[in-house]
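Worksheet: one structure, shown below.
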Amino acid sequence: MKENDNILEEITQSEYKYGWTSNFEMDSAPKGLNEDIIRFISARKEEPEWLLEWRLKAFRHWLKMNEPKWPNVKYPKIDFQDIIYYAAPKQKVKPKSLDEVDPELLETFEKLGISLQEQQRLTGVAVDAVMDSIAVATTFKEKLGELGVIFSSFSEAVQVHPELVKKYLGSVVPMNDNYYAALNSAVFSDGSFCYIPKGVRCPMELSTYFRINAANTGQFERTLIVAEDNAYVSYLEGCTAPMRDENQLHAAVVEIYAADNAEVKYSTVQNWYPGDKSGKGGIYNFVTKRGLCAGHHSKISWTQVETGSAITWKYPSCILKGDHSIGEFYSVAVTNNYQQADTGTKMIHIGKNTKSRIVSKGISAGKSQNSYRGLVKVMKRAENSRNFSQCDSLLMSDTCGAHTFPYIEVSNKSAHVEHEATTSKIGEDQLFYCNQRGIDTETAVALIVNGYAKEVLSKLPMEFAVEAQKLLAITLEGSVG
Amino acid sequence: MLIIKNLKASIENNEILNGIDLEVNAGEVHAIMGPNGSGKSTLASVLAGREEFEVTDGTIVFEGKDLMEMEPEERAKEGIFMAFQYPVEIPGVSTTNFLKTALNQIREYRGLQPLDAVSFLTHLREKMKLVEMDQSLLSRALNEGFSGGEKKRNEIFQMAVLEPKLSILDETDSGLDIDALKIVANGVNQLRSKDKAVIVVTHYQRLLNFIIPDFVHVLYQGKIVKSGTRELALELEEKGYDWIKEEYKSTLV
Amino acid sequence: MELSLNQVLKDLFEKHQKQNNGAPAAYAEQAFERFMKTGFPDRKSEEYKYFPVHRHFPESPLLAEKVEDPGAHLVFSPKLDDREAIHLVFIDGRLSEKHSSRDLPEAGLEIKHLNQLSSTELRELLEDHLDTYNVNNDPFIELNSSFLRDGIFIKTSKKSSTLPVYCYYITSAEDVNSFRNFRTIMVLEQDSRAELAEYFFSEENAGGFENFFTEVYAGKGSRLNLYRIQHKRGKEVLLNNINIYQKENSLVNSFTFSLSGKMLRNNLNFLLEEENCESHLYGFYFVDGDDVIDNHTTVDHQKPNCFSNENYKGILDKNGKGIFNGKIYVRQNAQKTNAFQSNKNIVLTDSATINTKPQLEIWADDVKCSHGATTGQLDNHQLFYLRSRGLDERTAKALLLHAFAFEIIDKIELDPVKDYLTKVINKLLGYQFDN
């Protein structure tokens, strides 16, 4: 009920509200990509030799690879030499605490609705904020430190915990996994690192906010989450970018490693700038996210609300290697105007008694194209594995498209795989019913859409759920006649 | 309260309402009866503002305002409520959430403050008793998986919550057993007052044993062919509709 | 490897063109050009991802020579049923007069054999009836047109039921290099009705590569029942494209039964070109031994108010590999479309696999579409229930499998087909009861 009031308030704001730029002095690399640029990035970050070698190796792989053509999206060829691969707000000295962070930077995050100080004081959510390419501030570090939880920027982790980074980096998403993962491995600038030691339940949500600020810049962050035996963590990720006429590339990699009995919940509210009403500008969001349920009874759960980006290409996946491990994927993807989304998941059942569940709710409006693409693969050894998939599409106009590409590959007789999909439009009857009770059409759409997406939204942590509901309403503003 | 003059309406060029004249005053209960296909439900739909029906002639004035100029939600905000014959299911949207949104939009229209959560819930609880609604139905998705009886009861419950001036019950008795019918009728009766009006659209007289109408109108071929009091309904119950049809035909000759 | 396969086909095509004994040169050339654009499917081809056709194509393909009556030596004789029907037997793509019905058409039914037509006649026929729409750019459709020579043309104009037509395609060629193309063109004129049953058989030592392409033009208000029964014993590869073009108010029921075959692939494409069409796609596959059976279907809703319903079921045994891919396209102006699809599979062994991909692509908003796919084994509760009533495990399983399969078989309206399938499938499932 309360959320709904918020929708009412917010619904009048239709334009992308995170679309300002901040004026910082930037420290950036020249445009283009070659081994020198990679050396430049690595040197800037004072990285050890092994990491530079790793990056160079990834780069050499990347040179030999081709851009994937199979996603159901169309865009002009990206000129990888026309992108700035490293841009950092200039800071004279590394900040030790929030007090030392550039005030304008903090203000930027305030505008995003992420007041780092407020967050720190009130909500008990630890935040790591990444602007353009580098991590700006991490909150709550000390408190987490007492429990042995490491939550820091990726660059800091490289300096402070090189052995952990070295052990897990690329262990779930190899450097040459795919075109964009290889590119990320070569040029990634920062990101978050999170390590939960044995037996620790992380007492607060860990959260990262990403923002692309500088023009002509690509953002390539890398997130690595490791949960040791019996550990638990819930991790949130939010994204925004300013309005710009040109397209910007975002190619991130997220790796999750879950040991015996470990559980990781990863929630995303993605709201990169989607381009304007005529399809100009917007972020190309080409992301590789994968979790490895390495241990028995481990569990990885992806929840995503995708409302932004001109193009989304993203398949948060689970490799269910440990016996009795569980993978989940809950997704709401909304596209409006000229947005294109090709998103879904892969559930690879390797261990015995593994379970996976997929709930995907696509909503297409305007002239957008929205595709679900998923793979459920049951390997020979994966006895008694179970999967249930539900993929629904809701159409809001006769000029958009909804596509479902579920691949099911089963090589074990005891496996039980079920897939269901439906496509429908918002019923005129439903709208009329709401109207008859005095609810205007715009609110009725928000109400119905939130109802439709409820199963997914309910998986989000509370504060994210509210934001996600607002985003859905704003994204769909004006989409029904 | 409501004045309908020479109302004609059609769907896909088939004329269904063929010149309806009807006046409903505050405090009155009117029953609209008639054989299947006579246009009863169409009349209800036109009043609520369904777009499939094209009004080709006539006027509808509600509380001095031209109803035809209004969107469905404006009509609702003005105080018209329709209890649907087939209430639609809206997955994922709880009845509570739905009603709160509706009530507060209506209140806003009338220049009232929105109800806070506590007073809203108090309001709900009070109305639930009227139709003996089960609390659990409130948190379930709107009408989803409700039995026929539960859906109808939910309609009357919504009527009670939203407190309309004019309620239109479209075949609210269809598909109800006698116990459910009594509960629904009892709810409606408790909501009757001297400043509110009700239009009961029904095929059978049965419901009118419980909701006693002040006036009964018989609709046939898109026209009100006969009006009377409650006695007319009883006569129809006894003799069926054929004699009305005959009588109407003879007037045409 | 892939490149050389295209080259091999190019050489073969040029040789074939020189002999000038097939379709009109321009027609074949255009088709071959289109083929060269996509090329022979390789391991990266999405459409042939699970059906490695490039590894099973002859290295030096040979087109079949002309034979007088290819069935003259054959002892096989399909059991003609008592009902009146037209039986046509083709051995390696050529009509065997010895085994076929002699008095062919009745009024309103016209049958022609493509390789008996003069090139002028063939050209006229192609001009009248060929506007192939290759919805998924399948290269084998283009290859079939490139090498078009053998085939059959069936046309009905009768409003009441015509005689059912049974075609038996029997493979006896043993040469692994033989490459056979066969085309069926069926035309249903306005308001006509037809029944066509196609049996695909082969001898144990049969080999080579078969490329069948069937085109059905279902005119306004026409009704067709189409049966395809694939029960092969040989080692040959069968690739079968079926395009069904439906006009206003037409109704087509398609049944596909793939019971055995080393490598079987069906591409069944329904193209709903006008309003108010109704299409039913029923399928059952039993994949045993090392068989690979791949059913791809497409239902392309191009106009409003059409209804399609698809129900495919499969049983996977031993090392069998089953593939199902069902596409539903709903084009932008195909409002008020109802399209449903279901694919259910039972996997009996750990070495059997099933790959299924039910795919929806929708560009219209006022539609009702759904699909569902399941894979699993027999329900243990059901099995237990039956066993607790005294059935042994083997029998209980057979009974459940029978029930699973006969949901499809029961839809068949043509008795001889139903009888044949009942007998064969019961035998395959080890089911020994009376119905």
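Being a predicted model, the structure only gives us computed values, none of them experimental. The chains referred to below are lettered A, B, ... by the order of the sequence lines, with proteins before strands, and numbering in each begins at 1.
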Next item on the list: Could you pull out the closest heavy-atom pair between C:Ala373 and A:Ile408, with the gap in Å?
Entry: CB-CD1, 3.9 Å

Checklist line | Most contacts with chain A, counted as non-hydrogen pairs under 4.5 angstrom, among C:Val347, C:Ile354, C:Ile328 | finding: C:Ile354

Next item on the list: Sort A:Ala421 into side chain, backbone, both or neither according to what part of it lies under 4.5 angstrom from a heavy atom of chain C.
Entry: both

Item checked: Minimal non-hydrogen separation, C:Pro358 against A:Pro406, with atom names -> O-CD, 2.5 Å

How about the chain A/chain C donor-acceptor pairs under 3.5 Å, what are they, with distances?
from     : atom 1 : to       : atom 2 : distance (Å)
A:Asp398 : O      : C:Gln332 : NE2    : 3.0
A:Ala402 : N      : C:Ile362 : O      : 2.6
A:Ala402 : O      : C:Ile362 : N      : 2.6
A:His403 : ND1    : C:Glu361 : OE1    : 2.5
A:Thr404 : N      : C:Leu360 : O      : 2.6
A:Thr404 : O      : C:Leu360 : N      : 3.0
A:Tyr407 : OH     : C:Glu46  : OE1    : 3.4
A:Tyr407 : OH     : C:Glu46  : OE2    : 2.2
A:Tyr407 : OH     : C:Lys357 : NZ     : 2.9
A:Ile408 : N      : C:Thr356 : O      : 2.7
A:Ile408 : O      : C:Thr356 : N      : 2.6
A:Glu409 : OE2    : C:Tyr50  : OH     : 2.2
A:Val410 : N      : C:Ile354 : O      : 2.7
A:Val410 : O      : C:Ile354 : N      : 2.9
A:Lys413 : N      : C:Asp350 : OD1    : 3.0
A:Val417 : N      : C:Thr375 : O      : 2.8
A:Val417 : O      : C:Thr375 : N      : 2.8
A:His419 : N      : C:Ala373 : O      : 2.7
A:His419 : O      : C:Ala373 : N      : 2.8
A:His419 : NE2    : C:His371 : NE2    : 2.9
A:Ala421 : N      : C:His371 : O      : 2.8
A:Ala421 : O      : C:His371 : N      : 2.9
A:Thr423 : N      : C:Cys369 : O      : 2.8
A:Thr423 : O      : C:Cys369 : N      : 3.3

